[in-house]
Amino acid sequence: MQITFADSLPADVSLIASIANKDSLPEGIEPVLAEGAKRGRFKGGAGQVVDGYVERDGKVVRVALAGAGDPGATDRRANLEKAGGALAAKFLTSGEADIAIDLSGSGLSAEDAAAVLLGLRLRAWRWDEYRTTQKDAEKVSLRNAVVIGVPDGTQAAWERESALAEGVEFTKRLITEPANVLYPESFVELCREALEGTGIEIIVLDVDDMTKLGMGALLGVGQGSDKPSRILAMRWNGGASGDKPTVFVGKGVTFDTGGISLKPGAGMEDMKWDMGGAGAVAGAMVALAKRKAKANVVGVCGLVENMPDGKAQRPGDVVKTMSGQTVEVINTDAEGRLVLCDALHWAQEEFQPAAVIDLATLTGAMIIALGHEQAGLFSNDDTLAERLSAAGKASGDGVWRMPVGPAYDKLIDSPIADMKNVGPREAGSITAAQFLKRFIKDGTPWAHLDIAGMAWSNKPGPTYGKGATGYGVRLLDQYVRDVIEG
Ligand code: BES
Ligand code: MN
Ligand code: ZN
């Protein structure tokens, strides 16, 4: 979706939308539309849309009103996004190629206006690359939005938001691509392309490099796959030189069969998005670099494919991590923590971070605990946890704090190695976090976000269709805005 600004309504536009607040229709709308809104129970609630055809200057135009709810609502921003998103959802395949968004008289601030446009653009994203037999009526028609009557400062606000939109769209793309297209090497190449010209520094570790570094846990997961494993680091130095970077680390399992501890067949296709953490990290780096964030940030992705094979690791194998600690691999399907432990250790050694935040589709148990409403947050640092919670609220990418602590350690003791990679069924998300915590150096603020319930949605939401949600990008961008740039 291309979004542009204009001083007045272009003559050829035949679809015009405005924003309505709760229980108040914009001034000057045709009586016929006001009547239609009333009859259609349109109250200006967030995400409500009403539309109809009216005659203006001898021409029939389609007009729409999108509701943004109560102007005083605490979640006003999300409601404005819902208004924009609802317009995209409504008209994406309507046959209309252009929509005019008329904000004159809407009373919105520049930030409000940008939020509407962000919702519009995000909800319009779709990946139809592999569909060759779509009927015309199913095809996306809406390509352009021209925005008029905007408050001063909207274009500047939109510049920042559109960088964020690029990041979210990139994450959605990575998550949507099937695993025959997206594997560790192609993940790296797509990131290179997306970040070209931004000045971001890209560091790639191949299997030889990782072998020399002793990353036995990460390499153990990838050893059953024909696709060689990678670590990708993207370094953005937009802050003061000498400021320690904040490091994001993502689980990038480009496909998770479970390995020898094979998953059941039904629904296994979902495991193409087991790289959702790495996808969010990559998207966040795109957003930060494109909006030239005044912050030093490194995004690290641990990229592997977890396959069963003659070369695959077995349950009971003991691997040595880069940190020197050993792990008994009880279950090859608990692979995410094996990837992350080496990526986390390397990231701390390499970048001496101010804080480390990892994102991972780590445990099914997280979905049992929190459903698809927010991600689990685990942290060794209350300040970091509070900052992330605040960023979650502000961005709409919600998080809910869960515990970690030494009481859970005994659940992952191993009789043969320093730890095993799974605990019992109970507290499954916590023991996974507790495992990761063993690889965090004393004094390093660390947070782990288990996003298993958030990366993908089986039904459309305000800023995404069915499928990839782009979760995490906005959370990380908000954290950088508030905590580092703030
Ligand atoms: N990638 C999965 C977790 C997952 C499940 C993410 C469903 C999204 C949706 C992870 O690698 C996994 O398999 N975890 C196991 C851990 C268990 C073996 C301790 C799980 O959750 O069942
Ligand atoms: Mn698994
Ligand atoms: Zn996994």
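The first residue in the sequence is number 1, and the count goes up from there. Read the numbers this way: they start at 1 and go in the same order the structure lists the ligands and their atoms.
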| Thinking salt bridges, do R438 and D409 make one under a 4.0 Å N-O criterion? | yes
| field | Protein N, O or S within less than 2.8 Å of the Mn ion (ligand 2), waters excluded | value | D256 OD2, D333 O, D333 OD1, E335 OE1
| note | In this structure, atom 22 (O) of ligand 1 is nearest to the protein heavy atom G364 N, 4.6 Å
| note | A correct count of protein N/O/S atoms found below 2.8 Å of the Zn ion (ligand 3) gives 4
| Which is it for D256 and ligand 1 at heavy atoms under 4.0 Å: side chain, backbone, both or neither? | side chain
| field | For atom 12 (C) of ligand 1, closest protein heavy-atom neighbour | value | D333 O, 3.2 Å
| request: Return a yes/no value for T363: is any of its N or O atoms, backbone included, closer than 3.5 angstrom to an N or O of ligand 1? | output: no
| task | Give the residue, atom name and distance (to 0.1 Å) of the protein heavy atom nearest atom 14 (N) of ligand 1. | result | L362 O, 3.5 Å
| field | Close-contact set for ligand 1 against K251 heavy atoms, below 4.0 Å | value | 1 (N), 10 (C), 11 (O)
| Quick one: do R173 and E169 make a salt bridge, cutoff under 4.0 Å? | no
| Does ligand 1 have any atom sitting under 4.0 Å from a heavy atom of W273? | yes
| message | Geometry only, no angles: is N331 polar-contacting ligand 1 at N/O separations under 3.5 Å? | response | no
| query | Is it true that M271 lies under 4.0 Å from ligand 1, counting heavy atoms only? | reply | yes
| task | Could you tell me which residues satisfy ring-ring contact (aromatic ring centres under 6.0 Å, His included) with F378, sequence neighbours excluded, listed by chain and number? | result | H448
| remark: Sorted by chain and number, sequence neighbours left out, side-chain hydrogen bond (donor to acceptor under 3.5 Å, both in side chains) with D442 holds for none
| task | Report, in ascending order of atom number, the atoms of ligand 1 lying under 4.0 Å from any heavy atom of V422. | result | 19 (C)
| said: Taking 4.0 Å as the limit for heavy-atom contacts, which would you say applies to M275 with ligand 1: side chain only, backbone only, both, or neither? | reply: neither
| said: Both conditions, 6.0 Å and 45 degrees, for the charged tip of K272 above the ring of F255: are they met here? | reply: no
| said: Check for me whether N306 has a heavy atom closer than 4.0 Å to any atom of ligand 1. | reply: no
| said: Please list the nearest protein heavy atom to atom 16 (C) of ligand 1 with its residue and the distance rounded to 0.1 Å. | reply: R337 NH2, 4.0 Å
| task | Check each atom of ligand 1 against the heavy atoms of I367 and keep those under 4.0 Å away; list them by number with element. | result | 9 (C)
